[in-house]
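First comes the structure, then the notes that go with it.
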Amino acid sequence: MTKVGETVLEIDLRALEHNYHYLRSKINPETKFLGVVKAFAYGSDSIAIAKKLESLGAEYLAVAYTSEGVALRNAGIKLPILVLHAQEVSFATMIENCLEPSLYSRAIFSSFLKMAKDLGQRDYPVHLKFNTGLNRLGLGEKDIDFILASLEGVDQIKISSLFSHLAASEDLNERNFTISQIEQFEKISSAVLSKLKYRPKRHMLNTSGIINYPEAQYDMVRSGIGLYGYGNEAAEDEKLIPVATLKTIISQIHRIEPNESVGYNRAFVSNTSKVTATLPLGHADGIGRQYGNRIGQVCVHGKLAPIIGNVCMDMIMVDITGIDCKEGDEVIVFGQEQSAQDLASSAKTITYELLTGISQRVKRVYID
Ligand SMILES: *Cc1c(COP(=O)(O)O)cnc(C)c1O
């Protein structure tokens, strides 16, 4: 084990490669693969991840916001990049950087078309997003005629894809609802396709969609969490490898006596003699207050040590009573030893939130 000396997020690009091949094995060879790298590639590093996905042969990338796509272009990423939550203020920047908007309302569609005309674009690739039940972003069936009429005689933009997003692909109790979303998408997308002289791609599945509804893979799938090693269910987690490992070290060890307290507001008061370790990461690094007071645990030499007292901004204290360790030793907060899924669920949240919350203060290191 290499000594890290400080808090680091280790990013294992070999794990990414494994997960990519595993997810691809679930779909037809001709189905395209879009890697979702929004939110710093789920809290890891969007540039390192995007470069690796590009080298592995992924056909598309997606980010949530324009600034995330600009960062990828500045780093030399050449793949087409879909911006899932395109906003009018950044349309000019998008076009300058060859970023492709998701157009999800009549207003957004019309204003992007106007921008493409003003900037003299030709066949600029755009994506039409349809709402089939998530009720978050998306055009509806009632907007189809408007969109088709607006496209008459237009050569400034070209519809690259039609897509929708599932609300509960990981929850098999919602199977009927998901099937109705797929049927709704089939109906809407077929109506649009039948009126166009060219054939945009269609896509609908996120990671759990790939696993549970491969019959709806259409021409492309969009995976995020699976690439990072989590499958939203135990059987899939076993097949995937976590890409990110949050490691830290023991800065100081204290022996405390009965009735002594640990941390701010004396939230932990010991009734026995204990040994505590102070670790250099806190809520400013993404380990929120909800993990304090024995909710979350970290892994010290393979043994779980609960977080005691309140989480501080830059530190946590853990109970290492009975664990053989010393100052400077390595501690795993989450990763391949204790999964981010386990830590997140201890605090009643989801892997997505824990991963994306790891702040930019934490140094990223890479294994390839
Ligand atoms: C974030 C996102 C995804 C990826 O979802 P995962 O569950 O992480 O695979 C796919 N599509 C859209 C529209 C998204 O916003």
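These numbers come from a predicted model, not from an experiment. Every number for a ligand or one of its atoms is a count from 1 in the order of the listing.
Near ligand 1, residues Val36, Lys38, Tyr42, Leu84, Arg136, His165, Asn206, Thr207, Arg222, Ser223, Gly224, Ile225, Tyr352 each place a heavy atom inside the 4.0 Å sphere around the ligand atoms.
A cation-pi contact, defined as under 6.0 Å to the ring centre and within 45° of the axis, links Lys158 to Tyr198.
Between Phe112 and Tyr124, the two ring planes are tilted [angle within 30° to 60°]. Ring geometry for Tyr352 versus Tyr42: interplanar angle of 30 to 60°, hence tilted.
Applying the ring-ring contact (aromatic ring centres under 6.0 Å, His included) test between Phe185 and each of Phe130, Tyr218, Phe163 identifies Tyr218 as the sole match.
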Problem set entry | Criterion side chain to side chain donor-acceptor pair (under 3.5 Å) on Glu260 and Ser270, from CA distance to verdict | CA-CA 6 Å; Glu260 277 197 87; Ser270 189; over 6 Å; no
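Ile308 forms part of a hydrophobic cluster together with Ile256, Val262, Phe268, Met317, judged by ILVMFWY side-chain heavy-atom separations under 4.5 Å.
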